[in-house]
Amino acid sequence: MPLDILIESVLFYKAVPQNKKRLIGYFKVSEEDFTHALTIIKGRFQAGAMRLLETETEIQLATAPELSEFIESLRKQDMAGDIGKAGAETLAIVLYREPISRSEIDRIRGVNSAFILRNLMMRGLVTRESVTGNGYQFRITTTLLQHLGITDKRSLPQYSEFMNTIDTFDTTSP
Amino acid sequence: MPLDILIESVLFYKAVPQNKKRLIGYFKVSEEDFTHALTIIKGRFQAGAMRLLETETEIQLATAPELSEFIESLRKQDMAGDIGKAGAETLAIVLYREPISRSEIDRIRGVNSAFILRNLMMRGLVTRESVTGNGYQFRITTTLLQHLGITDKRSLPQYSEFMNTIDTFDTTSP
Amino acid sequence: MSTAVAIKTETFEGPMELLIELVEKRKLLINDISLAKVTDEYMQTVRDMQEMSLPNTAQFITLAATLLLIKSKSLLPALDLTSEESASIEDLEERLKRYQIYRDAGIELQSRFGKNIMYESEYTPPRDPLFLPDIFCDSAELGTAMYRVLNNLPKIEIKPTAKLRPTISLEEMIDRLQKRIEQQLQTSFSEIRATETEHKNVIVSFLAILELFKMGNIIITQADRFGDINLESDRVHTPRYY
């Protein structure tokens with residue numbers, strides 16, 4: 001059975017985000033083969049109602065962003081609302097700089113971000129992984145991509161613009 | 001949005017069999033148009049891991065029959081694994097605080113518990129009940145209670161101490 | 001002081017947020033000139049915050065010291081900055097520019113957030129679930145798990161200001177200086193500098209002098225370009241009526 005079919009069936013059957021590293025290990029394939037299989041799935045889905053979401057660490061299936069309003073009409077509960085200014089800038093830092101530690105986030109924002117990060121984690125928009133001897137590092141989740149209506153962060157309209165600015169800034173300054 | 005895309009998204013989103021008559025009524029389309037849309041979906045799925053199953057009355061998405069052995073192995077793995085530390089913590093919160101909503105669990109743990117709760121429900125350890133206008137509330141299943149041999153919550157380790165700590169947290173945290 | 005437009009209703013979580021807002025409101029780029037321009041308004045906002053006894057004012061005051069340093073350099077170009085002082089100014093500009101990028105990126109995220117949500121499958125619990133207990137399904141284990149949960153609850157935050165060395169407030173410093181100037185009638189900056197041991201206080205005291213100068217309470221003279229700065233209370237020359 002081709003790898004792309006197997007991955008697609010795992011995503012559909014499990015219906016929750018799947019860790020890419022774990023799948024690569026499970027199928028005993030190279031990262032290249034895995035990435036190639038994801039490209040095949042994405043291409044196949046193009047014409048349909050589903051999309052493959054991808055972060056640096058996870059993949060998941062979800063409905064296409066164009067269907068947002070329609071699915072909303074099928075739902076009983078409303079999704080939780082706005083993220084606020086502090087939430088938005090913290091998300092931006094995690095999105096453009098992941099994986100990133102809390103102290104780095106605090107330094108960029110100039111304030112203690114413990115509370116806002118906890119709030120974002122409760123909403124499932126960011127997740128933390130523990131790094132040995134180095135506390136926690138924060139990453140974005142597929143749930144954040146779902147709320148932004150994008151299949152991966154690079155498809156944000158201004159992604160490369162911001163990324164370039166940040167890269168230039170980080171390499172030229174001490 | 002084409003009918004086939006809408007039907008596909010309902011099937012994916014709802015993830016349980018859908019009554020054909022109800023869908024025809026919902027979309028206000030003819031039976032011919034509906035059947036035609038199903039044919040398009042079936043054609044689109046041909047190359048992938050999913051299939052559209054159709055009975056006289058219902059339709060639903062499922063993995064292709066060729067994948068049944070593979071899916072069975074996934075299912076066995078799920079059952080063989082344990083709930084993990086995070087699962088145990090979530091289960092403990094439900095045990096000590098039931099009935100409890102997901103947002104309260106999230107607040108106590110400081111992270112999103114949606115996927116963990118699914119796993120606990122799948123394993124028959126917790127159940128959820130719908131509370132009008134307030135989402136769901138979670139409880140320990142009676143089977144697990146019997147398994148734990150608990151007749152009175154107050155006999156749980158450090159029951160009142162733990163309860164007091166959470167009560168304080170609930171009233172002091174924003 | 002009267003020209004400063006006080007920001008009344010908005011609350012700022014941190015000093016960077018406030019500072020960016022002030023610079024952008026004037027459609028300025030981030031540099032020493034624009035920062036000198038917004039210093040008064042920044043000071044006013046921090047003063048208002050102090051009066052409302054908002055939390056975290058300490059971090060606003062720390063930044064105020066750097067801002068006033070920038071401002072004083074713009075008022076007195078002859079002012080000789082130590083390398084440490086120059087570094088703190090550069091560092092502030094740097095941090096502010098970096099913050100601005102993420103703040104802008106955040107605005108883009110906020111405008112998209114929740115507009116076109118991509119939904120995962122709705123979860124329906126199985127009608128007759130299996131029963132799959134594991135090693136954790138034991139009251140002692142669950143007690144341990146609960147203990148871990150409670151241990152990880154966010155600690156009721158001990159006010160971060162308590163941990164820091166108490167930062168002197170601008171008003172305190174202005175008061176102290178005013179008294180001293182009135183006593184001595186004439187003093188010089190190097191004298192103040194010698195009596196203040198902590199670097200931060202040197203900054204604050206110097207800038208407080210400039211504040212006094214601006215308010216018309218003292219006269220500053222500098223004999224030659226790199227000479228000492230002399231301070232004089234102008235009360236003797238122009239009596240004030242209260």
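Letters A, B, ... mirror the listed sequences (proteins, then strands); counts begin at 1. Because the structure is predicted, anything quoted here is derived from the model rather than measured.
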Check your understanding: Taking every heavy-atom pair that is under 4.5 Å apart, which of A:V10, A:T141, A:D4 has the most such pairs with chain B?
Key -> A:V10
Point to revise | Interface residues of residues 116-130 of chain B facing chain A - heavy atom cut-off under 4.5 Å | key: B:R118
What pairs of donor and acceptor atoms, side-chain ones from residues 57-77 of chain B against any protein atom, are under 3.5 angstrom apart with sequence neighbours left out?
residue, atom, partner, partner atom, Å
B:S68, OG, B:P65, O, 3.1
B:S73, OG, B:F70, O, 2.6

Check your understanding: Taking atom CZ of A:R107 as the centre, does the number of heavy atoms from other residues, nucleotides or ligands within less than 6.0 Å exceed 12?
Key -> no
Check your understanding: If you round to the nearest 0.5 Å, how far is CZ of B:F45 from CD of A:E8?
Key -> 8.0 Å
Study note, to complete from the structure: Highest number of heavy-atom pairs under 4.5 Å with chain A among B:L11, B:I41, B:D78, B:I7 belongs to B:D78
Review point. Can you pull out the residues in residues 21-30 of chain A with any heavy atom less than 4.5 Å from chain B?
Key: A:Y26, A:F27
**Study point:** Residues from residues 46-53 of chain A approaching chain B under 4.5 Å (heavy atoms)
**Key:** A:A47, A:G48, A:A49, A:M50
